[in-house]
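The structure appears right after this line, and notes come after that.
Keep in mind it's a predicted model, so treat the numbers as computed, not measured. For the numbers below, each heavy atom of this structure counts, side chains included, while hydrogens, waters and symmetry mates do not.
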Amino acid sequence: DGDEPQSADVLATPRNGGASRRVLGGLTGLRAIVVDDEGVYWLGGTEGRGAIHRASKSTGDVVTLAVDVPVYYDHVLAVDGASLFWLEYPSGLHGPMRVRTMPKGGGAAPETLAEPFPTANKLLLDEGHVYWAQDGVRSVVRIRSGRHA
């Protein structure tokens, strides 16, 4: 059926070369994925709704960190230090969006850092700021990050 969400596997290969291995399998509706030293984080969803999950690199345990995330774009998830950041679209694709954060291990409700308009489709981080931008727009917006340090 063409309406079924695609299933994806996540593979890893050592930087120095060598055999690839499957890290996670059967992820449906994969929209964004990021990794750090502790875990693999991904946003998966269909029809404009999704959830953010975390798989521990040491144990393989998978937990859901945030549910009912309004999502439309890829590249809208980032992890830095103790925090996870993402863009979501509660008013639909063409309405104001939210820049959200929460501790990367879970345990706290998501927090809204900003509610900008127009909508962006890319999220980037540096040591002190969260940046978002839209393809074709020549400006980038930033706010301070590091709330969960």
*Going by an N to O cut-off under 4.0 Å, is there a salt bridge joining R98 and E115?*
no
*Give a yes or no on whether a salt bridge exists between D68 and R49, defined as a side-chain N under 4.0 angstrom from a carboxylate O.*
yes
With clusters defined by side-chain heavy atoms of hydrophobic residues (ILVMFWY) lying less than 4.5 Å apart, directly or transitively, does [Y] cluster with [X]?
X   : Y   : result
V34 : Y72 : yes
V35 : L30 : yes
V79 : W42 : no
V63 : L27 : no

From [atom1] ([X]) to [atom2] ([Y]), nearest 0.5 Å:
X    : Y    : atom1 : atom2 : answer
W132 : L125 : CH2   : CG    : 11.5 Å
R31  : L43  : CZ    : CG    : 7.5 Å
F85  : L124 : CZ    : CG    : 12.5 Å
I52  : E88  : CD1   : CD    : 7.5 Å
L123 : L87  : CG    : CG    : 4.5 Å
N121 : Y89  : CG    : OH    : 6.5 Å

*Are side-chain heavy atoms of P116 and M97 found at a separation under 4.5 Å?*
yes
_A side-chain contact here means heavy atoms from C-beta on lying under 4.5 Å apart; do L65 and M102 qualify?_
yes
Short side-chain to backbone donor-acceptor contact, [X] and [Y], under 3.5 Å:
X    : Y    : answer
T59  : D61  : yes
T101 : L84  : yes
T112 : A114 : no
T119 : G95  : yes
K104 : D80  : no
R100 : W86  : no

*Let me see the working for L11 and V23 under side chain to side chain contact (heavy atoms under 4.5 Å, CB included), right down to the final yes or no.*
CA-CA 5 Å; L11 304 172; V23 176; over 6 Å; no
*Passes side chain to side chain contact (heavy atoms under 4.5 Å, CB included), V130 versus V99? Steps please.*
CA-CA 9 Å; V130 179; V99 180; 4.0 Å; yes
*Kindly determine whether V40 and L24 satisfy side chain to side chain contact (heavy atoms under 4.5 Å, CB included), including the steps that lead there.*
CA-CA 9 Å; V40 178; L24 294 167; 3.8 Å; yes
*Heavy-atom closest contact (G25 atom, D9 atom, distance)*: CA-OD1, 3.1 Å
*Identify the heavy atoms of P96 and P90 that sit nearest to each other, and give their distance.*
O-CD, 3.8 Å
*Can you list the steps and then say if Y41 with D36 is a side chain to side chain contact (heavy atoms under 4.5 Å, CB included)?*
CA-CA 9 Å; Y41 309 83; D36 68 6; 3.3 Å; yes
